[in-house]
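Report on one structure; see the data block that follows.
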Protein chains: 2
Amino acid sequence: MKNKPHYALQSVDHALQLAVILQVEGPQSVTEAARRLDVARSTAHRLLSMLVYRDFARQGPDRRYYAGPVISLEAGGSDHTAVLRDVSMPHLQVLVDRVGESANVMVLAGDYVRFIASVESRETFRVGNREGMVFPAHLTSGGKPMLAELSPEERAELYAPERWEGREAERPDVAALERELEVVRRRGFAINRDRTETGVTAIGRGLRVGERTSAAVTVSMPTVRFQEDRLVDIVSALALATRDIEHDLEGRLHAERRWS
Amino acid sequence: MKNKPHYALQSVDHALQLAVILQVEGPQSVTEAARRLDVARSTAHRLLSMLVYRDFARQGPDRRYYAGPVISLEAGGSDHTAVLRDVSMPHLQVLVDRVGESANVMVLAGDYVRFIASVESRETFRVGNREGMVFPAHLTSGGKPMLAELSPEERAELYAPERWEGREAERPDVAALERELEVVRRRGFAINRDRTETGVTAIGRGLRVGERTSAAVTVSMPTVRFQEDRLVDIVSALALATRDIEHDLEGRLHAERRWS
DNA sequence: ACAGAGGATTCTGCTATGAAGAACAAGCCG
DNA sequence: CGGCTTGTTCTTCATAGCAGAATCCTCTGT
C-alpha cells in the first residue's frame with residue numbers, strides 16, 4: 001500500500017480523494033461526498049467549490065458535481081504543451097509590448113480550451129492571468145479559430161447532443177456556430193466582446209502545430225479600452241506573433257523526439 | 001474571471017494549482033513549485049507529497065515532480081467506468097463471500113491500471129481498499145491478462161523506450177514480459193506473489209468490455225493465507241464472477257447510449 | 001577525492017485557517 | 001402548499017498547515 005506522507009495535509013487529501021471519486025465513480029451530490037469522506041456537508045461543499053474553481057469539477061443542472069475538464073480531458077501531450085508554452089512566452093511578451101494589452105496561448109482539448117501561457121500587460125486595469133484555466137471552446141476568441149479548422153465531421157462529433165449530457169444548457173446552437181465559424185475562417189481571426197467575461201474583449205487567431213491548428217493566440221483587454229480603430233493594429237500584431245511562434249515551434253519540434 | 005469561492009481553502013487551492021502547473025508546464029522541482037505558488041519550500045514539499053500519494057504527481061529520478069497518472073491518463077469514459085463499477089459491485093460481494101478474500105475490478109489506462117471497485121473481506125487481517133489508486137499494469141495480476149490480450153503492436157507502443165522517458169527504471173524487460181504474458185494467455189489467469197506489495201498475493205482474470213479485454217477482476221490476500229490448494233477454487237470463482245459481470249454489463253451497455 | 005553550494009526533506013512551534021454546527025435557502029414530493 | 005431533505009452560507013474555535021531552522025542529499029568544480 002502506498003504510504004501516507006509523514007506530514008499529510010488532511011484538507012488536501014480530502015480534495016484529491018474527492019476528485020478521484022468523481023473521476024472513477026461519476027457524479028456525486030454534496031451529501032454523498034460528505035458521507036464518502038466522512039466530513040460535514042458544509043466541509044464537502046467547500047471542497048467541491050474549490051474543485052469547481054480550479055476546473056477539477058463542475059456542477060450539473062441536477063446540482064450534482066461531475067468530474068471537470070482537468071481530470072476528464074485527454075491531457076496527453078504534456079511535453080508538447082510544455083514546449084509550446086516555452087516557445088510562445090517571449091513572443092507573447094513582444095506582442096504585449098506592441099499592443100499594450102494582455103496576451104495568451106491556448107490549446108484545444110475536447111470541446112474546451114486550456115490557457116497554457118499568459119503575459120499580462122503593465123496597465124493597472126487589465127485582464128489578469130488565466131494560466132491553466134479551462135473555458136468552452138465555442139465561447140472564446142481563441143477556441144473559434146481552432147474549431148473553424150476542424151473538419152465538419154470532427155465538429156459534428158464534438159457537438160453531438162449525447163456528448164453534452166448533463167450540460168445541455170451549455171451546448172451551443174450548432175447551425176449558428178457553423179455560420180459564425182465561417183466568418184472566422186474568412187476573416188482569419190475571431191473577436192469576442194463580453195462573451196467569456198463581462199467587460200472583456202478578446203481577439204484571437206489560430207496557431208498551427210505541425211499539420212493542425214490546435215492552438216491559438218489571443219489578445220484581451222477591458223472592453224472600455226477597445227476601439228474599432230485599434231482592431232487593424234491588433235490583428236496585424238497577432239498575425240506576426242502567430243507566424244513567429246509557428247516558425248520557432250517548427251524548429252523545436254524537429255529537434256524533439258516525438259511519439260503519439 | 002472565475003470567482004474565487006467565498007470560503008476558499010488556501011491549502012487545497014495550492015495543491016490544485018500545482019497539479020495544473022504540472023499538467024500544463026511539465027516537471028517542476030520543489031524550489032520552482034515553491035516560487036510559483038509563493039510558499040515556503042517545506043510547504044511545497046508537503047503539497048507535492050500529497051499529490052504523489054494520491055497519484056496526481058510522481059517523482060522522477062531527477063527528483064523533479066511530473067504530472068501523475070490521474071491527470072495524464074486518458075480518463076474519458078467516466079460514465080463507462082461508473083457503469084462497470086456499478087455492475088461489478090454485487091458480483092464482487094458474491095466473490096468475496098465465496099472465497100473469503102478481498103476482490104477488485106480495475107481498468108487499463110495507458111500502461112497503468114486503475115482500481116475502480118473494491119470489496120474487502122471481513123477478515124481482520126486483509127488487503128485494504130485501493131479504489132481510485134493506480135499501479136503499473138505489468139506489475140499487477142489484473143494488468144497482465146489485459147496486456148496479454150492486446151495486439152503485439154499495441155504492446156510494442158505501450159512499452160516503447162521513448163514512452164518511458166523519465167521513468168526508465170520502471171520500464172519492464174519486454175522480452176521477459178512477453179514470455180510471462182504467453183503463460184497468462186495460456187492459463188487464463190495471472191498470479192502475483194509479493195509483486196505490487198510485500199506480503200500480498202493476488203490472482204487476476206481479464207474481463208471483456210464490449211470487444212476488448214479492457215478490465216480485470218482480481219482476488220487479493222495476505223501471502224501467509226495463500227496455499228496452492230486454494231488456487232483451483234479461487235480461479236474457478238473468478239471465472240464465474242467474470243462471466244456474470246460480462247453478462248450483466250452486456251445488458252447494461254445495450255441499454256446505454258454510447259459514443260466514442 | 002573532497003569541499004562547497006544549492007536543492008530536497010524533516011521537524012517544531014505558533015497562529016491563521018479549516019472544521020463542524022447552526023441557520024437559512026432551495027428544491028422535490030406527496 | 002407544507003414538510004422534508006439537500007444545498008449553501010456564516011460564525012466560532014481548536015488544530016492543522018505554515019514558515020523557518022536544521023539536517024540530509026546531490027552535483028559540480030578544483
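Below, chains carry the letters A, B, ... as their sequence lines are ordered, and counting in each starts from 1. All values below come from the heavy atoms of this structure, side chains included, with hydrogens, waters and symmetry mates left out.
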Side chain to side chain, [X] and [Y], heavy atoms closer than 4.5 Å:
{"X": "N192(A)", "Y": "T201(A)", "answer": "no"}
{"X": "Y65(A)", "Y": "L18(A)", "answer": "no"}
{"X": "V134(B)", "Y": "V113(B)", "answer": "no"}
{"X": "L147(B)", "Y": "D111(B)", "answer": "no"}
{"X": "V209(A)", "Y": "L249(A)", "answer": "yes"}

Taking atom [atom2] of [N] as reference, at what distance in whole Å does atom [atom1] of [X] sit?
{"X": "H14(B)", "N": "dT17(C)", "atom1": "NE2", "atom2": "C1'", "answer": "12 Å"}
{"X": "Y53(B)", "N": "dT9(C)", "atom1": "OH", "atom2": "C1'", "answer": "19 Å"}
{"X": "Y65(B)", "N": "dA8(C)", "atom1": "OH", "atom2": "P", "answer": "8 Å"}
{"X": "L48(A)", "N": "dG7(D)", "atom1": "CG", "atom2": "P", "answer": "9 Å"}
{"X": "L47(A)", "N": "dA16(D)", "atom1": "CG", "atom2": "P", "answer": "15 Å"}
{"X": "L9(B)", "N": "dT15(D)", "atom1": "CG", "atom2": "P", "answer": "18 Å"}
{"X": "R64(A)", "N": "dC28(C)", "atom1": "CZ", "atom2": "P", "answer": "13 Å"}
{"X": "D13(B)", "N": "dA16(D)", "atom1": "CG", "atom2": "P", "answer": "21 Å"}

Q: Using a cut-off of strictly less than 4.0 Å, decide whether H45(B) has a side-chain nitrogen or oxygen near OP1 or OP2 of dA8(C).
A: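 So the side chain of H45(B) is outside the cut-off, no N or O lying under 4.0 Å from OP1 or OP2 of dA8(C).
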Q) For dA14(D), does either OP1 or OP2 sit under 4.0 Å from a side-chain N or O belonging to Q10(A)? A) no
What I want to find out is whether [X] reaches [Y] closely enough, with some N-O distance under 4.0 Å, to be called a salt bridge.
{"X": "E32(A)", "Y": "R64(A)", "answer": "no"}
{"X": "K4(A)", "Y": "D13(A)", "answer": "yes"}
{"X": "E25(B)", "Y": "R85(A)", "answer": "yes"}

Q. Looking for any heavy atom pair under 4.0 Å, which part of the strands does S11(B) touch: base, sugar-phosphate only, or nothing?
A.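 If one applies the 4.0 Å heavy-atom cut-off, S11(B) turns out to touch the sugar-phosphate alone, with no base involved.
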Q: Give V12(B) one of three labels, base, sugar-phosphate or nothing, depending on what nucleic acid heavy atoms sit under 4.0 Å from its own.
A: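 The answer is nothing, as V12(B) stays clear of every strand by at least 4.0 Å.
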Q: Please round to 10 degrees the angle between the axis of the first five pairs and the axis of the last five pairs in the helix from dA1(C)-dT30(D) to dG30(C)-dC1(D).
A: 60°
Q: Taking all non-hydrogen atoms of both residues into account, name the closest pair between L47(B) and S11(B) and its distance.
A: CD2-O, 3.8 Å
Q: Using the test salt bridge (charged side-chain N to carboxylate O under 4.0 Å, His left out), find all partners of R46(A) that sit at least two apart in sequence or belong to another chain.
A: none
Q) Residues in salt bridge (charged side-chain N to carboxylate O under 4.0 Å, His left out) with R171(A), at least two apart? A) none
Please list, for nucleotides 3-7 of chain C, all pairs of protein and nucleotide N/O atoms separated by less than 3.5 Å.
none

Q: Just jot down the side-chain hydrogen bond (donor to acceptor under 3.5 Å, both in side chains) partners of E170(B), sequence neighbours excluded, or say none.
A: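 E170(B) satisfies side-chain hydrogen bond (donor to acceptor under 3.5 Å, both in side chains) with no residue once adjacent residues are dropped.
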Grab the N/O contacts between the protein and nucleotides 11-15 of chain C below 3.5 Å, and write none if there aren't any.
{"unit_1": "dC11(C)", "atom_1": "OP2", "unit_2": "Y7(A)", "atom_2": "OH", "d": "2.7"}
{"unit_1": "dC11(C)", "atom_1": "O5'", "unit_2": "Y7(A)", "atom_2": "OH", "d": "3.3"}

Q | Whichever of Q28(A) and A8(A) has its nearest DNA chain D nucleotide further upstream toward 5' | A | Q28(A)
Q | Among dA20(C), dT8(D), dT9(C), the one nearest Q59(B) by side-chain distance | A |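 Closest nucleotide to the Q59(B) side chain: dT9(C).
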